[in-house]
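Let me begin by presenting the structure, written as structure tokens, before commenting on it.
Order of appearance sets the numbers: ligands from 1, and atoms from 1 within every ligand. We're numbering straight along the sequence, starting at 1. Note that the coordinates shown come from a computational prediction; the quantities given were computed from them, not determined experimentally.
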Amino acid sequence: MQVGIDKMSFFSPQHYIDMVDLAHARGEEPDKYLIGIGQTQQAVAPATQDVVTMGANAADQMLTQTDREEIEEVIFATESGVDQSKSAAVYVQKLLGINRYARTIELKQACYSGTYGLMQARDYVTLHPEAKVLVIASDIARYGLNTGGEVTQGAGAVAMLVTANPTIATLNQDSVFMSDEIMDFWRPNDSSTAVVDGKFSANIYRDFFKELWDRYRAQTSRDLNSFKALVFHLPFTKMGLKALRDVLPEVSEEKQNALLTSFEASRHYNKQIGNLYTGSAYLSLMSLLLNDDTLQAGDDLALFSYGSGAEGELFSLTLQANYNQGLITNQLPELLEQRTQLSISEYEQMFASVVQGSTNRALDITHDHAKFVLSGVQDQKRQYVEQF
Ligand code: CAA
């Protein structure tokens, strides 16, 4: 029996900034951001969107009523959670009307935990072939105004339904993974922004990828020619390109060009959204599926997931015959088209308006067009509202 991703859906807030504007405001050459970092736009989350609302807004678009009745587990991966105790999954269960006999859990290991959630889901469904598991990876990447990491911020959520006989892709049982205690990126409990040793983190990412790729090759006897495309966690899209270039010399020039072309498809949406932390590799997978028109049923893809701190995993997926039917037609192009551009000063005000702590606060939700929004905090409880 094959198990894998049956449906995928995406959500990101309705505001963005242009990287040329940000470069001008920060006194940098625009090409540093556009080419050197590989980002053109960046999603900006208003105070009315957090990981719970973004996750619910992503999943709601793909779930049928039957799915909501049959889901057995909700696995919520995030590193920008809203509570130290209660999981985002249990908020989402209520917002989405998922049955009360589902398990709910939140996972954390920087940008990696979405992959762990996916593997847990695969293993559960392998043991329980009738089961459906909802995996949500949702994050707001915040480094702070005027920091080196600012150009690599972003926000959004990817939702995936894992089942037997999946529509999109099977998750193959060939993962290699590794962990090592490294201080490349972390976020202390009293900080809403990440602490990062930027260049160190980028070097560790490449080291993990190379070590896992070599281990994967040794354990499976497969090589780059086995894959139609490599999909990467993309904290900024140049990061994936650097990792890919590290292994390209292993194949012919023709295959190198094919892999580079697929890589361009896989970073198309990430360039315009920014870092999603846990969801980034899966937005990249969606981007590949939606923008590479040379993909065919049976193609194998390799996916590299990396979470600072640090943990990495590399595994393969096999595309299914009607993979496009597991995606929502025009979801990403329409979302991008409907976004509103912010000036840098508007973005700076929005950035500072984020809900922190548990003091009573009422938020103006009239400008947020999403179905699920955060309307404020009352008696130390976050107030979630369904608008339509
Ligand atoms: N035209 C074209 N390219 C230019 C340019 C120009 N005018 N000016 C500069 N560049 C290039 C530089 O040559 C450099 O390219 P290479 O990396 O290929 O050498 C690139 O632009 C970036 O320049 P700098 O290295 O000088 O940039 P920086 O010092 O401002 O920092 C950064 C870049 C370290 C990525 C920083 O943005 C950062 O700290 N980001 C957050 C950390 C991060 O994303 N780490 C990734 C690995 S960790 C991870 O993956 C987990 C996670 O999600 C956080």
Answer with side chain, backbone, both or neither: which part of Asp31 has a heavy atom less than 4.0 angstrom from an atom of ligand 1?
both
Check ligand 1 against Phe185 and write out every atom of the ligand that is under 4.0 Å from a heavy-atom position of the residue.
54 (C)
The answer for which part of Asn275 has a heavy atom under 4.0 Å from ligand 1 is side chain
What orientation do His233 and Tyr306 show, parallel under 30°, tilted 30 to 60°, or perpendicular over 60°?
tilted
For atom 33 (C) of ligand 1, the protein heavy atom that lies nearest, with its residue and separation
Ile37 CD1, 3.8 Å
Closest protein heavy atom (residue, atom, distance) for atom 39 (O) of ligand 1
Gly198 CA, 3.2 Å
Check: Lys238 N/O within less than 3.5 Å of ligand 1 N/O:
yes
Using a strict cut-off of 4.0 Å, indicate which atoms of ligand 1 neighbour a heavy atom of Val196.
42 (C)
Going by the atom numbers of ligand 1, which of them fall below 4.0 Å from some non-hydrogen atom of Lys242?
16 (P), 17 (O), 18 (O)
Could you find the nearest protein heavy atom to atom 29 (O) of ligand 1 and give me its residue, atom name and distance?
Lys199 NZ, 2.9 Å
Short list, please: which atoms of ligand 1 are under 4.0 Å from a heavy atom of Gly148?
36 (C), 37 (O), 38 (C)
Identity and distance of the protein heavy atom lying nearest atom 21 (O) of ligand 1:
Gly36 CA, 3.1 Å
Among all protein heavy atoms, pick out the one at the shortest distance from atom 7 (N) of ligand 1; state its residue, atom name and that distance to 0.1 Å.
Glu29 CB, 3.6 Å
Taking Asp299 for the side chain and Gln296 for the main chain, is one N or O donor matched with an acceptor at less than 3.5 Å?
yes
Do Asn275 and Thr152 get their side chains close enough for a donor-acceptor pair, meaning under 3.5 Å?
no
Answer yes or no: is there a side-chain heavy-atom contact under 4.5 Å between Leu303 and Ser305?
yes
For ligand 1, is there an N or O atom under 3.5 Å from any N or O atom of Ser308?
no
for atom 6 (C) of ligand 1, nearest protein heavy atom and its distance come out as Lys32 N, 3.6 Å
When you measure from the centre of the six-membered ring of Phe351, is the NZ or CZ of Arg142 under 6.0 Å away and within 45° of the axis?
yes
Quick check: do Gln49 and Leu374 have side-chain heavy atoms less than 4.5 Å from each other?
no
Under a heavy-atom criterion of less than 4.0 Å, does Tyr33 contact ligand 1?
no
Could you tell me whether atom 51 (C) of ligand 1 has a protein heavy atom closer than 4.0 Å?
yes
Proximal candidate to atom 45 (N) of ligand 1 [heavy atom criterion; set Ser201, Pro235, Gly154]
Ser201
What is the closest protein heavy atom to atom 54 (C) of ligand 1, and at what distance does it sit?
Tyr143 OH, 3.1 Å
Between Tyr205 and ligand 1, is there a nitrogen or oxygen pair with a distance under 3.5 Å?
no
Flag atom 13 (O) of ligand 1 as yes if some protein heavy-atom distance to it falls below 4.0 Å, otherwise no.
no
Please identify which atoms of ligand 1 are closer than 4.0 Å to at least one heavy atom of His233.
49 (C), 50 (O), 51 (C), 52 (C), 53 (O)
Please determine whether ring-ring contact (aromatic ring centres under 6.0 Å, His included) holds for the pair Phe372 and Tyr91, giving the CA-CA distance in whole Å, both sets of side-chain angles, and the decisive distance to 0.1 Å.
CA-CA 11 Å; Phe372 299 106; Tyr91 284 112; over 10 Å; no
For the residue pair Phe232 and Phe209, is the inter-centroid distance of their aromatic rings smaller than 6.0 Å?
yes
Short side-chain to backbone donor-acceptor contact, Thr48 and Asp368, under 3.5 Å:
no
Contact atoms of ligand 1, heavy-atom distance to Thr152 under 4.0 Å
37 (O), 40 (N), 41 (C)
Would you say the rings of Tyr112 and Phe177 are close, in the sense that their centroids are separated by under 6.0 Å?
no
Regarding Glu334 and Gln338, do their side chains bring together a donor and an acceptor under 3.5 Å, going by distance alone?
no
Using a strict cut-off of 4.0 Å, indicate which atoms of ligand 1 neighbour a heavy atom of Cys111.
51 (C), 52 (C), 53 (O)
